[in-house]
Amino acid sequence: MPLATRRKPLKTLTLVAFSVLLAGCSIAKPRTDDPWERWNRKAYAFNDAADRAVIRPVAVGYRKITTPNMRRVLSNFFSNLRMPITMVNNLLQGRPKDFTRSTGRFLVNTTLGMVGFFDPASQMGLKLQEQDFGTTLAKWGVPDGPYLVLPLLGSTTARDVLRFPVDRFFDPLAWYASHRDLKYKAQYMPTWLFLVTLRSRGIEAEGLLEGVYDPYVFYRDAYRQQRVYQIYDGNPPVEIIEQLQGVGEDFDPEELLEEQRRINKPLPPSGETATSPATGDDARQH
C-alpha cells in the first residue's frame, strides 16, 4: 500500500483531535476592508480574461450538449462525491449531529441514489449543508483576514485559502488524480468536468451583473456575504450583517446618499471627460 494512503487515517485522526482541543471558541467577525485591492484587481482582471477566452465558452458548449436533467444529475453526483469534505469538517467543528446528518446523506444518496446521481436524501429531510476547512477555522474564532483573489481560483480570504490544501486530503477527486498517471493527464478529467459544471451553473446568474458599476466590488461583497451565511448556517446575527455592510453606530445615511449620487451622476456632454466610478478615489472607497 502506498505511503500516502497509509498516512491519510493518521492525518484525519490528528485533525479530529485538534478540533477537540479548540472546543469552546467563538465565530470570528468578518472583515470589511480590502488592503490587497491593488493585487486583487489585477488577479480579477486576469481571471475575467481567462473566463471570457476559455472557461465560459467551454461551459456554454457543455450546456448546449446537455439537457437540464443531465446537468442536474451530474451536479448531484459531484455534490455527493465531495461529501466526505463536509463530513470531516463537521467533525472538526465538534458537531456530531451535523456529522451524523451529512454521513447519512452520503450513505443514502450513494446507495438509494445510485452513487449520487439522484438525491433521495433531500426528500428524507437530509438537506445539503456544505462545510470546508475555511468555515471550520471561522467557527473556532480564526479571523478571515483580508479579501484575496487568486489566479484561476477566484475569491477567497487569507483564512479561507487554507481550505484548498487541507480539504484536498478528503476530496475523492483529488485522491483519484494523485494515485494515477494517465496519458494526456486524463486522471484530471473528473476534476475538470466538475469545474465545468460549476461554471455552467453561474451562466444563469450572469444577468445580475447588468448595470453593476464595478464587477470587482460586486464579486467581493457577494463572496463575503455568501461565506457569512455559510458560517452561520444561513442565519447570521444582525450585528454581523451590519458590520459586513459597513453599517454601525457611526453610519451616516446622508454620506451614503451623496456617494450614490456621485456614482450614478449622468454622463457629461460629448467631448468632455469624466472620472469613471470604478477608478480613482471613488474606487478606493469600495
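The chain is numbered in sequence order, starting from 1.
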Salt-bridge test for [X] and [Y]: reply yes if a basic N is under 4.0 Å from a carboxylate O, no otherwise.
X	Y	value
Asp132	Arg227	yes
Arg82	Asp167	no
Lys139	Asp233	yes
Asp119	Arg105	yes
Lys42	Glu37	no

Checking [X] side chain against [Y] main chain: does a donor-acceptor pair fall under 3.5 Å?
X	Y	answer
Ser102	Asp98	yes
Ser79	Asn76	no
Arg159	Val142	yes
Arg71	Thr66	yes
Thr157	Asp144	yes
Ser200	Arg63	no
Trp175	Phe169	yes
Asp160	Thr135	no
Asn109	Phe117	no

- Query: Given the rule in the side chain to side chain contact (heavy atoms under 4.5 Å, CB included) test, do Ile231 and Val228 qualify, once you have shown the distances and angles that lead to the verdict?
  - Reply: CA-CA 5 Å; Ile231 290 167; Val228 165; 5.6 Å; no

Should we say atom [atom1] of [X] is surrounded by more than 12 heavy atoms from elsewhere, each under 6.0 Å from it?
X	atom1	answer
Met70	CE	yes
Trp39	CH2	no
Gln226	CD	yes
Arg95	CZ	yes
Phe78	CZ	yes

- Cluster link Met114 to Val108, ILVMFWY, side chain under 4.5 Å: no

- Is it true that Leu153 and Val196 fall in one hydrophobic cluster, defined by side-chain heavy atoms closer than 4.5 Å? no

Measuring from [X]:[atom1] to [Y]:[atom2], what's the distance to the nearest 0.5 Å?
X	Y	atom1	atom2	value
Met87	Leu92	CE	CG	12.0 Å
Leu150	Phe46	CG	CZ	11.5 Å
Leu148	Asp34	CG	CG	9.5 Å
Leu193	Tyr62	CG	OH	6.0 Å

- Item | Side chains of Gln131 and Gln93, donor plus acceptor under 3.5 Å |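 Per modelled atom types, Gln131 and Gln93 side chains form a pair under 3.5 Å.
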
- Message: If we count only N and O atoms by modelled type, under 3.5 Å, do the side chains of Ser155 and Tyr219 hold a donor and an acceptor together?
- Response: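 No donor-acceptor contact under 3.5 Å links the two side chains.
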
- Task: Walk me through it: do Gln129 and Arg101 pass the test side chain to side chain contact (heavy atoms under 4.5 Å, CB included)?
- Result: CA-CA 9 Å; Gln129 290 183 311; Arg101 186 181 298 111; 4.2 Å; yes

- Task: Could you go through the side chain to side chain contact (heavy atoms under 4.5 Å, CB included) check for Val217 and Arg41 one step at a time?
- Result: CA-CA 9 Å; Val217 172; Arg41 285 188 178 275; 3.9 Å; yes

- Task: Give me the ring orientation class for Tyr216 and Tyr44: parallel if the planes are under 30° apart, tilted from 30 to 60°, perpendicular past 60°.
- Result: perpendicular

- Note on the structure: From the list Val54, Ile55, Asn47, side chain to side chain contact (heavy atoms under 4.5 Å, CB included) partner of Asp51 resolves to Ile55

